[in-house]
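First listed ligand is number 1; within each ligand, the first listed atom is number 1.
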Amino acid sequence: MNAGIVGIGRYLPEKVVTNADLEKIMDTSDEWIRTRTGIEERRIADDNTKTSDMGLAAAQKAIEDAGITPEEIDLILVATVTPDLPFPSVACMLQERLGAKKAAAMDVSAACAGFMYGIVTAKQFVEAGVYKHVLVVGVEKLSKATDWNDRNTAVLFGDGAGAVIVGEVSENRGILSFELGADGTGAKHLYQDEYIIMNGREVFKFAVRQMGESCINVLEKAGLTKEDVDFLIPHQANIRIMEASRQRLELPVEKMSKTVHKYGNTSAASIPISLVEEIEAGKIKDDDIIVMVGFGGGLTWGAIAIRWGK
Ligand SMILES: CC(C)(COP(=O)(O)OP(=O)(O)OC[C@H]1O[C@@H](n2cnc3c(N)ncnc32)[C@H](O)[C@@H]1OP(=O)(O)O)[C@@H](O)C(=O)NCCC(=O)NCCS
């Protein structure tokens with residue numbers, strides 16, 4: 001049995017905060033942010049919108065897109081580092097609000113690699129034949145974890161949600177290979193105490209190396225080569241890090257998803273948000289080979305190679 005993605009959805013808050021808006025509240029410039037990160041604007045959720053509200057909106061779309069009912073969901077995995085509360089999990093909140101009566105539910109804490117951890121976990125349950133439909137949500141309200149007085153981090157992040165349904169797909173399609181990893185010795189470079197604390201240069205070096213290696217590793221595990229890749233969806237943290245992965249795969253610019261300029265780094269939400277954007281733009285066709293790759297605090301990383309289609 002092959003597990004793949006059978007439904008997709010996303011949600012982004014309406015409020016746009018541009019680099020020019022940030023110039024008014026901190027010592028930064030549009031020029032610095034664009035050239036160092038590729039970010040032009042980000043979405044910020046209002047005070048009344050919680051992580052669970054954004055996750056719910058994305059999940060509802062993914063369920064509808066999959067053509068299933070909430071009662072058909074067996075497991076809900078929510079990748080987030082900005083849950084509404086320490087507990088209950090956002091996954092349990094969604095279980096109730098969706099009416100997913102028979103679903104088990106838990107959150108996944110792997111920072112910006114959380115969606116990759118979620119999707120790989122979902123794959124195991126589906127391919128073992130024990131669950132038919134797993135809802136995987138990546139959602140963050142990073143604006144509440146951001147120190148708006150710290151220009152080193154405040155310019156980087158945004159809010160949003162993406163969701164997929166993982167279920168059985170036809171032979172040859174679906175998730176072909178994966179890699180997950182962690183290196184707790186790097187925890188000091190990126191963590192949240194009250195707010196997000198980051199050693200940008202160390203995280204940058206780690207990300208460039210790990211993203212490229214994980215891309216190559218999942219291709220090898222799937223018996224594929226760089227030439228087989230039709231599309232790359234990297235975690236949208238910084239255009240320079242994304243470009244390094246693209247160059248490692250020797251892909252042309254138009255074959256890499258880029259949403260970082262519009263949404264900034266939405267952590268666990270960035271890969272599923274980008275996936276939905278590319279599908280809606282008609283850039284991904286059935287049987288395309290797609291590599292998704294993420295990295296984040298922990299340090300953590302994860303990647304999959306997937307042959308698209310149901
Ligand atoms: C954060 C990052 C963009 C910084 O880019 P960089 O080229 O490494 O910049 P540096 O760290 O060398 O900083 C250069 C200068 O810009 C300053 N600076 C930092 N943020 C700034 C901002 N928003 N506006 C203007 N100047 C800023 C620094 O204070 C530093 O000044 P100094 O040299 O006088 O001390 C980059 O390191 C990065 O993207 N790292 C990875 C972060 C990441 O992806 N995090 C999420 C992981 S999921």
Tell me which protein heavy atom sits closest to [atom], plus the residue, atom name and distance to 0.1 Å.
atom	result
atom 46 (C) of ligand 1	N265 ND2, 3.4 Å
atom 15 (C) of ligand 1	W32 NE1, 4.3 Å
atom 10 (P) of ligand 1	R201 NH2, 3.5 Å
atom 24 (N) of ligand 1	T28 OG1, 2.6 Å
atom 47 (C) of ligand 1	F295 CE1, 3.5 Å
atom 36 (C) of ligand 1	F204 CD1, 4.0 Å
atom 41 (C) of ligand 1	G200 O, 3.5 Å
atom 48 (S) of ligand 1	C112 SG, 2.9 Å

Within 6.0 angstrom of [X] [atom1], more than 12 heavy atoms from elsewhere:
X	atom1	value
E71	CD	yes
Y191	OH	no
K15	NZ	no

Heavy-atom nearest neighbour of atom 6 (P) of ligand 1 within options M198, R36, R151: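 Among M198, R36, R151, the closest heavy atom to atom 6 (P) of ligand 1 comes from R36.
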Using a 4.0 Å cut-off to any heavy atom of [X], which atoms of ligand 1 qualify?
X	answer
L190	47 (C)
V155	23 (N)
N238	3 (C), 38 (C), 39 (O)
T37	3 (C)
N152	19 (C), 20 (N)
A237	44 (O)

Looking at [atom], would you say a protein heavy atom lies below 4.0 Å from it?
atom	value
atom 30 (C) of ligand 1	no
atom 22 (C) of ligand 1	yes
atom 33 (O) of ligand 1	no

I33, portion touching ligand 1 at heavy-atom distance under 4.0 Å: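 No part of I33 comes within reach of ligand 1.
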Proximity to ligand 1 by part of R240, non-hydrogen separation under 4.0 Å: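 Side chain only.
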Would [X] and [Y] pass as an ion pair if we require N to O under 4.0 Å?
X	Y	result
R240	E243	no
K205	E202	yes
R34	E40	yes
D84	K141	no

Distance-only side-chain donor-acceptor flag, [X] / [Y], under 3.5 Å:
X	Y	answer
T259	E277	no
T82	E140	yes
E72	T69	yes
D228	T225	yes

Which atom pairs, one a donor and one an acceptor, fall under 3.5 Å between side chains of residues 103-116 and the rest of the protein, sequence neighbours left out?
{"from": "D107", "atom 1": "OD1", "to": "V90", "atom 2": "N", "distance (Å)": "3.3"}
{"from": "D107", "atom 1": "OD1", "to": "A91", "atom 2": "N", "distance (Å)": "2.9"}
{"from": "D107", "atom 1": "OD2", "to": "V90", "atom 2": "N", "distance (Å)": "2.9"}

Side-chain donor or acceptor of R151 paired with backbone N/O of D27 under 3.5 Å: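 Looks like yes, one N/O pair under 3.5 Å.
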Any M26 heavy atom less than 4.0 Å to ligand 1: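 Contact absent.
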